[in-house]
Amino acid sequence: MRPVNRYPSVDYLHRAARKKLPKFSYDYVDGGSGSGVGLDRNRAALDEVTLIPRYITDWKSVEIEVELFGQKYSRPFGIAPMGLASLQHPKAELKFARAGRKANIPTSLSTACTVDIEDFGAIAAENGWFQLYPPKSEEINDDLIDRAYNSGFKALFVTVDVPARGWRPRDMYNGLALPPRITAESLLNSAIRPTWSLNTLLNGIPHFKTLGRYSDKKSMRGMAEFVGEQLGQMVTTDRLKRIRDKWKGPLIIKGVMHRDDAVKAVEMGYDGILVSNHGGRQMDAAPAPVEVLPDIVEAVGHKTTLMVDSGFSSGLDIVRGLALGAKFVFCGRAFMWGISALGERGVDHVVDLLTDELTLALTQIGCPDINELNSSWLEKT
Ligand SMILES: Cc1cc2nc3c(=O)[nH]c(=O)nc-3n(C[C@H](O)[C@H](O)[C@H](O)COP(=O)(O)O)c2cc1C
């Protein structure tokens, strides 16, 4: 059966992933912070965005190519950075890199990744965007930036929305904290998901490969403790400025939700802003990014490249985000469900689904070029 018939939307892949993953690994991706209302709000707010179709227009094909920071991408969406991805699928990040390169979309690698930055860079080439959680140590900060640059990454995200780690009850209950209570034994205990357990054991228990190299302690627990000490604190303005001075390519702040922060990012010389609430994983009371986006567009839309993520799981969602004023959309969980359900083929399938859905949505609303999508398609409130 063709994948599109078996998995005609990301929801189908999500359900298949749930059946394949052990509970702690599924919960890690699926969960939000607190009671999860922030996560639900992301979905509800997108559903509220309605588009008014125009049918009486003359055009034949739909254009979805977008230019960002001087580079052409074949689609207006990319793969968001996600830490500990090999907990879902062995060497997941490298498979994201390959699929992202094939599809010619930006593909991000998290600081908390489970592969070497150099290995990812060799596959992703200029489709690679590195995500930096500025570590406590400035030396490590600078070395990570050098490694990303030398590995050919095109752009750098600096994530600012983790001044402290989010309170995630499902992960806490499952022992997925820093350091995690996951051992070879607990992996084997995931015996009701034997394929996952075997694959994971054969490929080695996932650990923080890129960051782990800076730790003196080489045990999994020791490395995780080290990562816990280094990450999860406020990013100071000083540090943000230093990063701007150091990184020579396109630089994007990730996790902006307030227009004042957006203005500061532009003043500091950042090239782009990713409006995001971290997929509902940080602060339960945060609004959905699509709710704050129009205000941020008004404040800085003409001065910077605005992008958005959190909750986007279909091509129609992407069209909604672009009509609200973003130039580009990132998706996280959608790709994680794809890889968890079907491996790399699943990532390709998510790319195809989002592409087909968004092409259809553009056709249905009568907008032949993604770059012409704007608020004139939105229902006025
Ligand atoms: C499993 C998982 C891990 C994540 N890890 C990171 C990370 O290491 N760094 C980061 O900046 N954002 C991280 N995020 C947030 C994503 O980059 C992105 O903002 C979010 O997933 C978008 O929402 P969505 O999953 O609803 O598409 C993570 C998200 C998920 C689901």
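Each ligand, and each atom within it, is numbered from 1 in the order the structure gives. No experiment lies behind these values; they were computed from the predicted model shown. In what follows, every heavy atom counts, from backbone to side chain, and hydrogens, waters and symmetry copies are set aside.
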Which residue supplies the protein heavy atom nearest to atom 18 (C) of ligand 1, what is that atom called, and how far is it? D309 OD2, 3.2 Å
Which option wins on minimum heavy-atom distance to atom 11 (O) of ligand 1: L231, L109, V329, T159? T159
Under the ring pair (Phe, Tyr, Trp, His ring centres under 6.0 Å) test, which residues partner F157, sequence neighbours left out? W129, F330
Looking only at protein heavy atoms, what sits closest to atom 5 (N) of ligand 1 is G83 N, 2.9 Å
Numbering the atoms of ligand 1 from 1, which are under 4.0 Å from a heavy atom of S310? 22 (C), 23 (O), 26 (O)
If I compare all heavy atoms of V347 with all of A99, which pair ends up nearest, and what's the gap? CG1-CB, 3.5 Å
What are the atoms of ligand 1, with element, lying closer than 4.0 Å to any heavy atom of C331? 27 (O)
State, to 0.1 Å, how close P53 and Y55 come at their nearest heavy-atom pair, and which atoms those are. CG-OH, 3.4 Å
Judged by atom type as modelled, is there a donor-acceptor pair below 3.5 Å linking the side chain of Q233 to the main-chain atoms of P134? yes
Can you pull out the closest protein heavy atom to atom 9 (N) of ligand 1? Residue, atom name and distance to 0.1 Å, please. Y133 OH, 2.9 Å
Tell me whether V29 has any N or O atom under 3.5 angstrom from an N or O of ligand 1. no
Chi angles and distances behind the side chain to side chain donor-acceptor pair (under 3.5 Å) call for Q131, T159: CA-CA 7 Å; Q131 176 267 327; T159 300; 2.9 Å; yes
Are any of the N/O atoms on Y28, whether in the backbone or the side chain, positioned under 3.5 angstrom from an N/O atom of ligand 1? no
Check: residues 319-329 side-chain donor-acceptor pairs under 3.5 Å, at least two apart:
| residue | atom | partner | partner atom | Å |
| --- | --- | --- | --- | --- |
| R320 | NE | L46 | O | 3.0 |
| R320 | NE | V49 | O | 2.9 |
| R320 | NH1 | D317 | OD1 | 3.0 |
| K327 | NZ | E67 | O | 2.9 |

Among protein heavy atoms, which lies nearest atom 8 (O) of ligand 1, and at what distance? S110 OG, 2.7 Å
If you measure from atom 28 (C) of ligand 1 to every heavy atom of G279, P81, G255, which option wins on shortest distance? P81
Determine, for Y12 and R15, whether the Lys NZ or Arg CZ falls below 6.0 Å from the six-membered ring centre while staying within 45 degrees of the axis. yes
Do T114 and E93 get their side chains close enough for a donor-acceptor pair, meaning under 3.5 Å? yes
Looking only at distance, does G311 have an N or O less than 3.5 Å from an N or O of ligand 1? yes
Going by heavy-atom distance to atom 12 (N) of ligand 1, choose the closest among Q131, K254, M82. K254
At under 4.0 Å between heavy atoms, what of F157 touches ligand 1? The answer is neither
Could you find the nearest protein heavy atom to atom 15 (C) of ligand 1 and give me its residue, atom name and distance? H278 CD2, 3.5 Å
Distance filter under 4.0 Å to S276 heavy atoms, resulting ligand 1 atoms: 19 (O)
Minimum heavy-atom separation for T200 and P206, please, with both atom names. CG2-CD, 3.8 Å
Heavy-atom closest pair (A288 atom, A45 atom, distance to 0.1 Å) is CB-CB, 3.5 Å
Looking at atom 21 (O) of ligand 1, what's its closest protein heavy atom, distance included? G332 CA, 3.8 Å
Please determine if R281 has a nitrogen or oxygen closer than 3.5 Å to a nitrogen or oxygen of ligand 1. no
Examine F130 together with F120 and report whether their ring centres are nearer than 6.0 Å. no
